[in-house]
Amino acid sequence: MVSRRNFFAMGLTMLILFFMFQFTGMVKNALNEYSVNEYESAASAALSAGSMYSAASAGSWAGDADMGERPCILFVGDEGSGDIREVVRWWCTYTKRGLLECSELSEAVFADNGLAAAVIDGESIELRQALPVLKEMAERGIHLIFARLPEAAELERYSDFREFIGIRDVHMRRVELSGIHVFDGFLLGGEKIYENRPDEEEKMDLELEVPWYMTGTGTKTYIMGILEDQGEYKNEMLPAILWRKSVKNAKIFCVNADYLTHMYGIGFLNAMMADTDVCEIYPVVNAQSLSVANFSGFADENGARMEELYSLSQTAVYRELIWPALVSVTYRSGSKISLLAAPQLDYGDGIEPNVQNLIYYMKLLREEHGELGISASSLPDVTPAGRLERDRPFYQEGAGDYAMLSLYLGDAGDIRELAGQPLLNKVRTVAAVPAGEEPLVSYLDENITLQNAIHLAETHTYTDDLALMGIQTALGYSNIVLDLQKVSDPPSADYYWEKFAREISQNIVTYWKNYRCFEGTTLSESDERIRRFLALDYRAAEQENRIILKRNDVEGPVWFLLKVNGRTVKHMEGGTCEAQKGGYYLIELDAQSAVIELEEEQVGIHN
C-alpha cells in the first residue's frame, strides 16, 4: 500500500514533469520563427549572370604573372559533334579554361597559345590526313582526348593510327558486353562493377554493344568491358572502353563509348586531365540538395482513393506517413529538405487547401533547417502561370512575408513566361528536370539560377550511377528531385507509399553515401554556392613540392577538388584540405590565396 506521503511525492513529480514538457513545447513553438526563411540573407549576394565566367570570352589571368597563362582547350568536330561540343564548352566554363574550336584538324592553330589539350571527335576526322597533325601536337606535349573513336572498319585499315592511339588489335567490330568495370582511382566513388545480373536486370541500361579493341603495351585502362563468358581472356585482352597511352610528354585518351556526349562526361574529362600530370586542381560547387516537389499535404483531395489505400485522408497520409519518412531520409543521408509545395493538384474538384496545414509544415521545416518553395510544373488543364495565380491567396494568407526563393518547374521551360507573377518576386533559383543534355548548373536569366536534377529519387539504374560518379567528380553537386504528384494519385502499385518510400530511401541513402564529403544544402544554399562557383576565376601553379592557389575576389568560401598522383598533401595554409578516396582532396579556400605543401606518398599508406 502506498503511503500518502509517497503518493503525494509521486503526484507532484508527475505534475512537474507534465509542466516541464508542456513548457518546453510552448517555448519551442514560441521561438519557432517559421515565417522567416533562414536562408534569405544568404541569397542577398549581388552575383548575377553578368558575373559569370565564360570560356568563349576568357581573357588572360588577371592575377600575378608568375601564375602563368590560362590553360586552353582545342575542340575539333564537325556539325555532327554538337553534343560533345556542348560538353566541352561547359567543361571549359566550369574549370575556367580558354576554348578554341575548329571543324578540321587542318585548321588547328596550336603554336604558342597555351594549348593544354585537344578534345577530338574521331568520327569527324580523316585518319590519314589527321595523323601527322596529331603526332606534332603530341610532340609538343599537347594531350589528346578522343571523345569518340573513328569507325572500327576505318581503324582496321590504318595500322599506324591504331598504334598511335594504343590499339593492338581490332578483335571484333561489335561485341555484346554483359557489363563494365570502372577501376578504382579514376572517378570519385571508387571501383564499380556494373554487371547484368538476374536480380538487377531492371538496372542494366548501359551501352553494351561496342567494338572490341585490345590495347597494346604502354597503355593504361580505366574502364573495361565484361564478357558473359570470359574464358581464358586476360584483362588486357578484354574489350577496352576507356584507356590512355603515353607519347613522350603527352597522354592520349580514347573513349570507346558515348560518355562524352552527356553532361556527366565533364567528370570524365576532369579525371583524364588529373592523370596527365602530378596534380590537377579545379573548382566544385560542394552542394547536395533534396528537392521534394509537388508536396500536397494541404488539401483532402482524392479522398476515396486515399481511404481505400491507407484508411487515411490525404492530409493524414502526408502527416503520418510521408513527412516522417522524409525526415528519416534526411537524417540518414545528411541532406536537407527543400519542400516545394503544391497547395492543390486538382483545381476543379472544389476542395480548397487549409492554411493551417501550411503553417504546420513551415514550423516543421524550421525545426529541420529546411525551406519552403513553390511547385509550378504543368498539370492537366493548368499552366504554370495558372497555378501560381490560383495559389497566390493561399500563400499570402499562410506564409505571409516568408521569402520563397526556390521554384520547381518540372522541365525548366522559359522563365520569362512567368514574368510579373507576384509569387515570384523573391525567387532566385529554379529546380528542373532536364529534357535533354542541358548544363548541370547555369543561369536561366540575369538573376535566376538553374539547378538541374541529376536524378529522380525513385529510380537508380547503372547509367544513373555512372552519371552520378561523373557529376560528383565534375562539380561535387547533386540535386535529387522527389516528385510526389503520383503518390497523391497512384497510377500503379509502384507509387503506393510503402513501396515508393522503400525505393527512394534505398536510392538516396545507399548510392549517395560515397559522396558525404560534400555538404547537404537547401536549394537557396546551393544557389549561393552556384553563383560563387560560376563567378569564380582562379589559377594554380606548382613550385617544387608546393601548389600556389590564387582566386579572384568573389566573396565567401569556394571549394576545389585536388588530385595528386604519387604524392600526398602534407599541410595547407589559407584553407582546409580533406583527403578522399582515389587520391582526391576536397579543398575549402577562405582566403584569396593558399599554399598546399605536398610530400612523396609513403608505400603502404593509402588515403
Side-chain angles (χ1 to χ4, degrees), residues 194 196-206 290-330 332-333 337 339-349 351 353 375-384 387 408-411 431-436 452-465 467-468 479-512:
Y194 304 114
N196 204 355
R197 297 195 298 268
D199 58 333
E200 294 191 339
E201 287 183 356
E202 73 283 356
K203 293 184 179 296
M204 176 52 78
D205 60 346
L206 293 167
L290 173 61
S291 300
V292 182
N294 286 310
F295 184 94
S296 310
F298 312 102
D300 280 324
E301 302 174 304
N302 201 26
R305 183 74 166 137
M306 293 293 101
E307 287 287 346
E308 175 190 344
L309 293 176
Y310 308 110
S311 299
L312 295 169
S313 66
Q314 180 162 307
T315 54
V317 168
Y318 272 82
R319 283 197 185 204
E320 298 179 26
L321 301 179
I322 295 177
W323 177 260
L326 293 178
V327 172
S328 174
V329 166
T330 62
R332 294 167 62 200
S333 65
I337 298 176
L339 192 149
L340 301 150
Q344 299 180 80
L345 293 175
D346 185 349
Y347 290 86
D349 61 4
I351 300 173
S375 287
S377 53
S378 295
L379 292 175
D381 303 323
V382 185
T383 64
R387 287 188 73 177
Y408 176 68
L409 270 183
D411 53 0
V433 178
N452 263 323
I454 66 169
H455 294 303
L456 299 178
E458 66 264 30
T459 61
H460 197 87
T461 65
Y462 287 156
T463 294
D464 290 335
D465 200 70
L468 176 62
N479 180 17
I480 313 166
V481 167
L482 169 56
D483 193 332
L484 295 175
Q485 181 176 340
K486 291 182 179 179
V487 172
S488 299
D489 188 11
S492 68
D494 289 338
Y495 292 92
Y496 295 171
W497 181 247
E498 182 179 357
K499 182 176 181 180
F500 192 76
R502 187 167 57 248
E503 288 295 321
I504 65 171
S505 177
Q506 175 181 315
N507 292 341
I508 296 173
V509 175
T510 302
Y511 297 110
W512 266 258

Original post:
Counting only heavy atoms not in Q506, do more than 12 sit closer than 6.0 Å to its CD atom?
Top reply: yes
Original post:
Do any N or O atoms from the side chain of E301 and from the backbone of D346 form a donor-acceptor pair under 3.5 angstrom?
Top reply: yes
**OP:** Decide whether Y408 and N294 meet the rule of one side-chain donor and one side-chain acceptor closer than 3.5 Å.
**Re:** no
**OP:** Would you confirm whether S328, through its side chain, and P324, through its main-chain N or O, come within 3.5 Å as a donor-acceptor pair?
**Re:** no
Subject >> For the student: nearest non-hydrogen atoms of L312 and V317, plus distance >> reply: CB-CG2, 3.8 Å
Subject >> Sidechain-backbone polar pair: Q344 side chain, P353 backbone, donor-acceptor under 3.5 Å >> reply: no
Original post:
Has the side chain of D205 got a donor or acceptor atom that lies under 3.5 Å from a matching backbone atom of T463?
Top reply: yes
Subject >> Closest approach of V433 to N452 (non-hydrogen atoms, all atoms of both residues) >> reply: C-OD1, 4.2 Å
Original post:
Looking only at heavy atoms, what is the nearest atom pair of D349 and I351, with distance?
Top reply: OD1-N, 2.9 Å
Subject >> Worked verdict on T315 versus F298 for side-chain contact (heavy atoms from CB on, under 4.5 Å) >> reply: CA-CA 6 Å; T315 54; F298 312 102; 5.9 Å; no
**OP:** For the residue pair F295 and W323, categorise the inter-ring angle as parallel (less than 30°), tilted (30 to 60°) or perpendicular (more than 60°).
**Re:** perpendicular
**OP:** Give a yes-or-no answer on whether the side chains of R332 and S505 include a donor-acceptor pair shorter than 3.5 Å.
**Re:** yes
Subject >> Distance-minimising heavy-atom pair for H460 and K203 >> reply: O-NZ, 3.1 Å
**OP:** Of all the heavy-atom pairs spanning Y194 and M204, show the shortest one and how long it is.
**Re:** O-CE, 3.8 Å
Subject >> Beyond-backbone contact of W497 with P490, side-chain heavy atoms, under 4.5 angstrom >> reply: no
**OP:** Take L456 and D483 through the test side-chain contact (heavy atoms from CB on, under 4.5 Å) and record every step on the way to the result.
**Re:** CA-CA 8 Å; L456 299 178; D483 193 332; 5.8 Å; no
Original post:
Does T510 reach the main-chain N or O of N507 with its side chain, forming a donor-acceptor pair under 3.5 Å?
Top reply: no
Original post:
With side chains defined as the heavy atoms from C-beta onward, is the minimum distance between S375 and Q485 less than 4.5 Å?
Top reply: no
**OP:** Evaluate the side-chain proximity of P384 to S377: yes if any heavy-atom separation is below 4.5 Å, no if none is.
**Re:** no
Original post:
Any side-chain heavy atom of S313 sitting closer than 4.5 Å to one from M306?
Top reply: no
Original post:
If you draw a 6.0 Å radius around NZ in K486, do more than 12 non-hydrogen atoms from other residues or ligands fall strictly inside?
Top reply: no
Original post:
Taking the side chain as C-beta and beyond, is there a heavy-atom pair between D489 and Y495 under 4.5 Å?
Top reply: no
**OP:** Using the side-chain contact (heavy atoms from CB on, under 4.5 Å) rule, take L326 and L482 through it: C-alpha gap first, then chi angles, then the decisive distance, then the call.
**Re:** CA-CA 10 Å; L326 293 178; L482 169 56; 3.5 Å; yes
Original post:
Is there a side-chain contact between S488 and Q314 (heavy atoms, below 4.5 Å)?
Top reply: yes
Subject >> Heavy-atom side-chain contact between I454 and N479 under 4.5 Å >> reply: no
**OP:** Report yes if the side chains of Y496 and V487 come closer than 4.5 Å at any heavy-atom pair, otherwise no.
**Re:** no
**OP:** For the pair D464 (side chain) and T461 (backbone), establish whether a donor and an acceptor sit closer than 3.5 Å, ignoring hydrogens and angles.
**Re:** yes
**OP:** Output the distance between atom OG (S291) and atom CD1 (I480), rounded to the nearest 0.5 Å.
**Re:** 9.0 Å
Original post:
So Y310 and E320, side-chain contact (heavy atoms from CB on, under 4.5 Å) or not? Walk me through it.
Top reply: CA-CA 11 Å; Y310 308 110; E320 298 179 26; over 6 Å; no
